[in-house]
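Data block below; observations after.
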Amino acid sequence: NELVLRYKESALGRPILRKCTKADGTTEEPMPKSAFLANYEKTLKNAGSFCGTSIYAIRRQLGKKVDGKAPQPARVLHF
């Protein structure tokens, strides 16, 4: 049961994280590293993580979830 992902040929050479502005929307230019890091820090703070974590640690945890090796959080039942 595998899902084969197909990409448009035009998308293969484009950067994944692209520069965007309110005026112009998304462009074909890569997102500047400073903009990525600012968004990353804001996202962590909004999620309640003030100590931060590395991008590598997030990537590793996501990989474990995809592979089915990550421990699942305990489910709490509310009655």
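- Side-chain contact between E9 and L12: present, with at least one pair of heavy atoms (C-beta onward) separated by less than 4.5 Å.
- Nearest heavy atom pair, residue R14 against residue E28, reads NE-OE1, 3.1 Å.
- For the atom pair CD of E41 and CZ of F36, the computed distance is 10.0 Å after rounding to the nearest 0.5 Å.
- In this structure, CG in L17 is found 13.0 Å from NZ in K33, a value given to the nearest 0.5 Å.
- Residues satisfying the side chain to side chain contact (heavy atoms under 4.5 Å, CB included) test with I16, not counting sequence neighbours, are none.
- E29 and P15 get closest at one heavy-atom pair: C-CG, 4.4 Å.
- Contact detail for R18 and T27: the closest heavy-atom pair is CD-O, 3.2 Å.
- Considering CG of L62 and CZ of R59, their distance stands at 9.5 Å, rounded to 0.5 Å.
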